[in-house]
Each structure stands twice: as C-alpha cells, then as structure tokens.
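Worksheet: one structure, shown below.
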Amino acid sequence: MSYNQAKTKYAALGVDTDRAMEALKTIPVSLHCWQGDDVRGFDTDPSKPLTGGIQTTGNYPGRARTPQELMADLDAALKLCPGLKKLNLHASYAIFEDGAWADRDKLEPKHFALWVEFCKERGLGCDFNPTFFSHPKCDPLTLSSPNEETRRFWIGHGKACIRISQYLAEQLGQPCVMNIWTGDGFKDIPGDRMGPRVRYRQSIDEILSEPYDFKLVKPCIESKVFGIGVEAYTAGSAEFALSYAAFNRDKCIPLMDNGHYHPTEVVSDKIPALLAFFPEIALHVTRPIRWDSDHVVLFDDETREICREIVRCGVERVHIALDYFDASINRVAAWAVGFRNLQKALLAALLQPVAEEKALQDGGNFTKLMVLQEELKTAPFGEIWDEYCRRSGVPADGQWLPLVEQYEADVLSKRG
Ligand code: RNT
Ligand code: ZN
C-alpha cells in the first residue's frame, strides 16, 4: 500500500495524516544521556556501584567511558530518531576540562559548556537533573538525611543545579526541565516516617529559594513507590511529591515516571487527573517489568495509552522525557528503538479522531466508540510511520539497525 492509499483510509476515519505528521514534529521529547553509559557519569569512580535503589543489569560491551565517546554515541543515535529532540543530562555528566574536578555542591555552568556547544550545533534543547545518588555523601540519605552536614551538601548541589539549568535554558533559548529525584528510603520498617519527609520538604524549599525564571527553568518533583534496597519506605512517595508540587504550583511541577507505581496502576489515567489541576506536568517514560526495571520503551499498549492522553489533554502541557537503561543490549540501538517507539506512539495518538471519540462518549454511544477504537487498531499505520521517517530524513524501520551494527563493528567493539 502506498502512503496516499493509507492517507485515504485514514481520511475515511476522519483523520488528517499530513496534519498529524506536522504536529508530531513540534513535540519535544527528551533523550536521556544515561542510557549510553549505564548511568555512571564522569564525576565519580566508575567501578563503584550505582546507588539510590536503581540498577542497570547486563554487561554488553562498548559502553561510553568519556564525554567524547558519549557524544559520539549520542550522535549515532540521534541520526536515527525523527522528531524534535532535547538532550537530558544528569549533573554527574559534568565535564571537567584540564582535570579540574569539582564536587557536586560546587558544580558550575562552565562544567556544562561543552554540552551547550553540543546542543547548539545540533539544535537541541537541554533538560537537567541533580544527581542525588552514586556519591560518597549519600549517607545513604541525601535531602532527607538527619545529618545536617549531609543535608546541606545536597541542598548545595540542588541550588548549583538550578543555576546550571537557568544557564542551559538561556544559552539554548528553550525551557530546561530540572527534575528532583532522590532514592532516599529504608530497606526495612522505619522508626520514623515523618522526620525524613519533613526534612525532604525543607530541603526542596531551600533549593527552590535559589532564584530562577519559572518560564525557563521547570523544577519537577518525581515520586517513587520503592527501590531495590529501599523496599519498605520511600521519603519521596506519590503523596509527598504530588502534595509538594500542589502546594508550590508557582515554583515547580509534578513528574510521573511510569515505573514508579504499583503494577496495576497506570500513568495514562493519572495524566488527565493531574492536568485537571496543574497547568503543566512532566513524565518519565520507561517500561517496568514487575518493578522499576527500566527496560527499553516499546510500542506497547500503555505507552500508546500514555501518548493518547498527552494528545487529548494538550501536548504543550506535558514535558516528555525517556528514562530507561538497559546494559544488556547495544546501547545506541536501545536509545534509537525506545525513542522511535515513543514517536510511533505519539504518531498513533495523533491519528485518532479525538473530537469524534469525545462526542461519542458524551452522546452515550459506547457501541460506536468501541468499534471505532478497535477498527483504528488495524488502520495502515506502518505506511504513515514510513512516510514520517522519510519526511524527517531518518531511516525507515528495517534500515536503521544495520547502521548501528556497522557503528558497533567500527567503534563500540574496539572499546576495552
Ligand atoms: C529513578 C528515577 C530517576 C532516574 C534518573 C537516572 O528511579 O526514575 O528519574 O532513573 O534520574
Ligand atoms: Zn525517572
């Protein structure tokens, strides 16, 4: 089937495929740098394990070990990703030129100057994350620690990250979403559940007292249900994070990661619930298998449903980022397939007759609503996706993996 035949089929369902593709090109999606090196960063000893309740598993060869390698790998992946891209950095990816290392509370915009150059040359916006894990000053708590010295160190880090986020936004002329997540919690039944949360709240208050332009810097509070090694209690639970964001709507927004809820809960349904109150929200799109395992994002039902809600509620109100890390497969392919899958899910969502579906529901015609939704599933989506890749100047399905395999043979396999 040709693109034009597919276009006619969609038109019969009341959907304009050209308009959908144009709309998709304007929706920014943030590509997370940390898939490229298994969340290690450049500011701590790479032989030390990841902490904070997150884990990468696998030892596929070829992970990036230096900023130069990570940038080269990102370039290899970005070429394969259609659509409007942002880069998502963690503070631990600071680049210390001339070997002048700085601790996390002393990080400055200059440590991200090479990343700004990287983004400028590629026309990318940039998002940012303070790194409250994998560091000797995790005691193991950070912003919720009862140790005042520890807590002050991490508040200092948060404030430094606000300044860096403001710099990134100003340099790149696009808002910078700055996400606050800590793995603070306990393995077993706590003796005090309130204390850490009160301290966490005070710490975020202090971080957000650092001046920034809320139009440019979008601090987020990310919640979590539990992490490995912190199974019993998480300071930044769903209620904590959401309440913080709700009581500080002029300063920050809530962030939902779809790996951070009980397995029967779905983030797709939470999107309109939050948007009934918040002007904007942020998302980490991942794929949990039984827990927050951060598998590569697939073109699966829940990813599609999340994107349908984003499209229905207003794409300009949702900041979308990817957040997964698989160390068991080619990391460039992991980036590309996850990013392409999110683009597919967004495209599929844009190919829905949104107004008609709403009218059918409001008119009580649930029979027709069900039939329409089911028949859309077998509409010729693949032809529209191929055309979108063509118009975006990226390889179609079936054509990009050989390029990654070539890059692996030429570059990744030569890394020690
Ligand atoms: C961890 C959170 C957090 C991290 C990144 C690396 O469970 O999802 O967002 O994955 O900051
Ligand atoms: Zn996340």
Side-chain angles (χ1 to χ4, degrees), residues 30 52-54 127-130 132-133 141-144 154-155 158 161-162 165 175 177-186 190 192-209 212 214 217-227 230-286 288 291-292 294 302 305-306 309-310 312-321 323:
S30 209
I54 53 176
D127 294 326
F128 200 63
N129 303 259
F132 297 109
F133 54 84
L141 303 183
T142 63
L143 294 176
S144 70
W154 289 110
I155 290 169
C161 288
I162 294 268
S165 300
V177 175
M178 191 200 93
N179 180 44
I180 296 176
W181 171 75
T182 75
D184 288 17
F186 298 115
D192 172 18
R193 287 188 167 89
M194 175 77 112
R197 289 191 172 129
V198 170
R199 290 189 293 270
Y200 194 5
R201 175 184 170 182
Q202 286 165 349
S203 300
I204 304 173
D205 284 347
E206 283 198 55
I207 292 170
L208 300 187
S209 73
Y212 59 93
F214 192 31
V217 176
K218 306 279 177 187
C220 302
I221 316 295
E222 179 179 15
S223 68
K224 189 159 177 174
V225 62
F226 82 96
V230 285
E231 289 86 356
Y233 169 89
T234 298
S237 61
E239 292 73 18
F240 174 90
L242 205 49
S243 302
Y244 191 95
F247 281 90
N248 295 277
R249 282 176 41 146
D250 54 334
K251 289 198 207 105
C252 64
I253 60 178
L255 185 145
M256 294 190 289
D257 178 312
N258 64 304
H260 291 191
Y261 297 86
H262 284 284
T264 59
E265 287 184 77
V266 281
V267 161
S268 51
D269 184 65
K270 298 177 194 292
I271 292 170
L274 295 203
L275 288 175
F277 295 91
F278 293 93
E280 291 174 292
I281 64 167
L283 296 180
H284 274 178
V285 184
T286 185
W291 72 288
D292 183 38
D294 286 295
E302 175 56 4
E305 205 59 29
I306 285 173
E309 286 304 329
I310 294 171
R312 287 172 176 155
C313 296
V315 292
E316 64 295 336
R317 298 179 65 192
V318 184
H319 300 277
I320 311 168
D323 180 15

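For the pair Tyr261 and Met256, the tightest heavy-atom approach, listed with the atom from each and the gap, is OH-CG, 3.2 Å. Phe214 and Cys252 make their closest contact through CZ-N, 3.5 Å (heavy atoms, listed as atom of the first residue, atom of the second, distance).
Without hydrogens or angle criteria, Arg197 side chain to Phe240 main chain gives no donor-acceptor distance under 3.5 Å. Checked by atom type and distance alone, the side chain of Ser203 never pairs as donor or acceptor with a backbone atom of Ile155 at under 3.5 Å. A donor-acceptor pair under 3.5 Å is formed between the side chain of Arg249 and the backbone N or O of Phe277.
Residues that satisfy the salt bridge (charged side-chain N to carboxylate O under 4.0 Å, His left out) test with Asp127, not counting sequence neighbours, are Lys86. Applying the salt bridge (charged side-chain N to carboxylate O under 4.0 Å, His left out) rule to Glu316 yields no partners; only residues at least two apart in sequence or on another chain are considered. Not counting sequence neighbours, the partners of Asn129 by the side-chain hydrogen bond (donor to acceptor under 3.5 Å, both in side chains) test are Asn88. By the side chain to side chain contact (heavy atoms under 4.5 Å, CB included) test, Arg312 pairs with Glu305, Arg308, Glu309, Val354, Glu357, Gln373, sequence neighbours left out. With sequence neighbours excluded, no residue forms a side-chain hydrogen bond (donor to acceptor under 3.5 Å, both in side chains) with Asp192. Not counting sequence neighbours, the partners of Thr142 by the side chain to side chain contact (heavy atoms under 4.5 Å, CB included) test are Phe132, Cys138, Trp154, Thr182, Asp184. Annotation: side chain to side chain contact (heavy atoms under 4.5 Å, CB included) contacts of Leu242 (sequence neighbours excluded): Pro254, Leu274, Phe278. Contacts of Lys270 classified as salt bridge (charged side-chain N to carboxylate O under 4.0 Å, His left out), with partners at least two apart in sequence or in another chain: Glu265. Remark: Glu302 engages Ser268 in a side-chain hydrogen bond (donor to acceptor under 3.5 Å, both in side chains) (not counting sequence neighbours). Remark: Glu222 pairs with no residue by the salt bridge (charged side-chain N to carboxylate O under 4.0 Å, His left out) rule, at least two apart or across chains. Annotation: side-chain hydrogen bond (donor to acceptor under 3.5 Å, both in side chains) contacts of Tyr212 (sequence neighbours excluded): none.
Within the structure, side chain to side chain donor-acceptor pair (under 3.5 Å) contacts touching residues 232-247 (residues at least two apart or in different chains) are Asp205-Tyr244.
Atom CG of Asn179 is separated from atom SG of Cys161 by 11.0 Å, given to the nearest 0.5 angstrom.
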